[in-house]
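Report on one structure; see the data block that follows.
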Amino acid sequence: MITGVPEGWPTDEAAARAVQDALRDRVVRDETGPAPGTGTVTGIDVAYDDARDLVAAAAVVLDAATLDVVEEATAVGRVAFPYVPGLLAFREIPAVLGALKALRTDPGLVVCDGYGLAHPRRFGLASHLGVLTGLPTMGVAKNPFAFEHGSLGQERGSAVALRDGDEEVGRALRTRDGVKPVYVSVGHRVSLAGVCAHTLALTPAYRLPETTRRADRLCRDALIDLSARP
DNA sequence: GCGACAG
DNA sequence: ATCTTGTCGC
């Protein structure tokens with residue numbers, strides 16, 4: 001079955017920006033979720049089949065201490081919004097909500113692909129998902145988008161401020177020695193220091209968090225299963 | 001106006 | 001995101 005779009009979901013860019021402006025003040029920057037390495041952590045990701053206007057979302061719950069998979073869920077929906085830089089949430093969140101709703105386990109901390117407060121209006125995908133669900137969330141992106149940062153050490157754990165002008169909106173964080181950093185930011189109910197700690201706890205072997213890697217694989221597989229049996 | 005621009 | 005071959009290295 002196909003996940004629908006939430007009531008009142010914006011249809012155009014102006015309406016979408018208005019939604020961001022209306023919700024941005026609800027973001028909580030304090031650490032009120034599970035501590036790094038405790039409870040559960042859930043990876044979220046989405047894959048597209050533009051030709052058929054379909055989107056598959058995946059949610060993978062891991063035990064934060066062992067990184068073992070506790071539960072997996074997927075949801076399929078229609079593409080709800082075009083890709084517009086700064087409005088990614090409107091494209092991905094409807095299907096993601098479907099996958100989260102299918103879980104029986106408490107998601108704990110939700111790790112998103114993309115940004116939270118590191119956003120032109122300080123309300124990226126991770127923050128938006130957090131405010132909508134009330135869950136603690138954080139963003140881990142592969143690219144710095146339009147933000148700037150100075151150089152950082154080559155060792156895993158090195159970090160430097162990700163800036164929008166003079167404001168620190170996130171961090172560039174090295175998760176593997178000598179490998180390109182990831183770009184992390186607060187989503188909801190986490191602190192920036194906490195985001196870095198959680199990210200390092202999720203990257204014992206690869207540049208990207210285990211949550212992201214598992215969710216990425218699952219939503220791609222879900223899309224393939226869909227092609228095999230339309 | 002032009003280019004850049006999370007996924 | 002997605003389209004795609006080989007290739008260097010542990």
Side-chain angles (χ1 to χ4, degrees), chain A residues 9-10 13 16-17 19-20 24 27 43-60 74-99 110-131 137-149 156 161-165 167-173 175-188 192 195 199 204-209 211-224 226-227:
Chain A
W9 204 247
E13 298 185 21
R17 287 190 200 91
V19 168
Q20 292 180 331
R24 52 188 290 187
V27 173
I44 289 298
D45 199 14
V46 164
Y48 298 96
D49 181 344
D50 287 320
R52 294 194 296 172
D53 194 41
L54 290 178
V55 52
V60 181
T74 60
V76 177
R78 297 287 175 198
V79 175
F81 208 86
Y83 172 66
V84 179
L87 300 178
L88 179 64
F90 297 94
R91 181 167 169 81
E92 306 213 329
I93 283 185
V96 166
L97 289 176
V110 178
V111 181
C112 303
D113 275 34
Y115 288 126
L117 293 180
H119 179 273
R121 288 169 294 282
R122 306 292 178 271
F123 200 67
L125 168 66
S127 295
H128 199 148
L129 184 64
V131 166
T137 61
M138 55 181 254
V140 179
K142 307 175 199 69
N143 299 292
F145 197 22
F147 304 109
E148 315 161 26
H149 66 80
R156 162 178 158 86
L162 188 62
R163 294 177 293 96
D164 185 356
E167 187 179 350
E168 180 176 27
V169 295
R171 300 251 168 87
L173 173 66
T175 55
R176 305 299 300 163
D177 289 357
V179 172
K180 179 183 176 182
V182 294
Y183 306 89
V184 303
S185 57
V186 169
H188 185 55
L192 186 49
V195 167
T199 302
Y206 299 96
R207 174 185 177 233
L208 297 177
T211 40
T212 304
R213 304 181 69 247
R214 284 249 156 69
D216 181 77
R217 247 180 41 177
L218 182 56
C219 66
R220 287 188 202 234
D221 289 347
L223 214 50
I224 292 174
L226 218 55
S227 323

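Chain A is the first sequence line, chain B the second, and so forth, proteins listed ahead of strands; every chain is numbered from 1.
No contact: A:Ala118 has no heavy atom under 4.0 Å from any strand. Across all strands, A:Gly139 comes closer than 4.0 Å to no nucleic acid atom at all (heavy-atom distances). Looking at heavy-atom distances under 4.0 Å, A:Ile93 makes no contact with the nucleic acid at all. Within the 4.0 angstrom heavy-atom criterion, base atoms lie near A:Tyr115.
Remark: C1' of C:dA1 and CG of A:Asp113 are 10 Å apart, rounded to the nearest angstrom. If you measure from atom OH of A:Tyr48 to atom P of C:dC3, you get 14 Å, rounded to the nearest angstrom. What separates CG of A:Asp164 from C1' of B:dA6 is a distance of 14 Å, to the nearest Å. For the pair A:Arg122 CZ and B:dA6 C1', the computed distance is 14 Å after rounding to whole Å. When the P atom of B:dA6 is taken as reference, atom OH of A:Tyr183 falls 11 Å away, rounded to whole Å. Remark: C1' of C:dT2 and CG of A:Leu88 are 15 Å apart, rounded to the nearest angstrom. Taking atom CZ of residue A:Phe145 and atom C1' of nucleotide B:dA6, one finds them 6 Å apart after rounding to whole Å. If you measure from atom CZ of A:Arg121 to atom C1' of B:dC5, you get 12 Å, rounded to the nearest angstrom.
OP1 or OP2 of B:dA6 sits under 4.0 Å from a side-chain N or O of A:Tyr83. Within the structure, every side-chain polar atom (N or O) of A:Arg91 is placed at least 4.0 Å from both OP1 and OP2 of B:dA6. Put simply, A:Lys142 has no side-chain N or O that comes within less than 4.0 Å of OP1 or OP2 on B:dA6. Within the structure, a side-chain polar atom (N or O) of A:Asn143 is placed less than 4.0 Å from OP1 or OP2 of B:dG7.
Taken to the nearest 0.5 Å, the OG1 atom of A:Thr175 stands 11.5 Å off from the NZ atom of A:Lys180.
Summarising the geometry of A:Phe90 relative to A:Trp9, their closest heavy-atom pair is O-NE1, 3.0 Å, with the distance given to 0.1 Å.
Between A:Arg91 and A:Asp50 there is a salt bridge, since at least one side-chain N of the basic residue sits less than 4.0 Å from a carboxylate O of the acidic one.
A heavy-atom distance below 4.5 Å is not found between the side chains of A:Arg24 and A:His119.
Nearest nucleotide to the A:Arg220 side chain, out of B:dC5, B:dG7, C:dA1: C:dA1.
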Open item on the list: Quick one, A:Asp45 with A:Arg220, criterion salt bridge (Lys or Arg N to Asp or Glu O under 4.0 Å). Give me CA distance, side-chain angles, the key distance, then yes/no.
Closed with: CA-CA 9 Å; A:Asp45 199 14; A:Arg220 287 188 202 234; over 6 Å; no
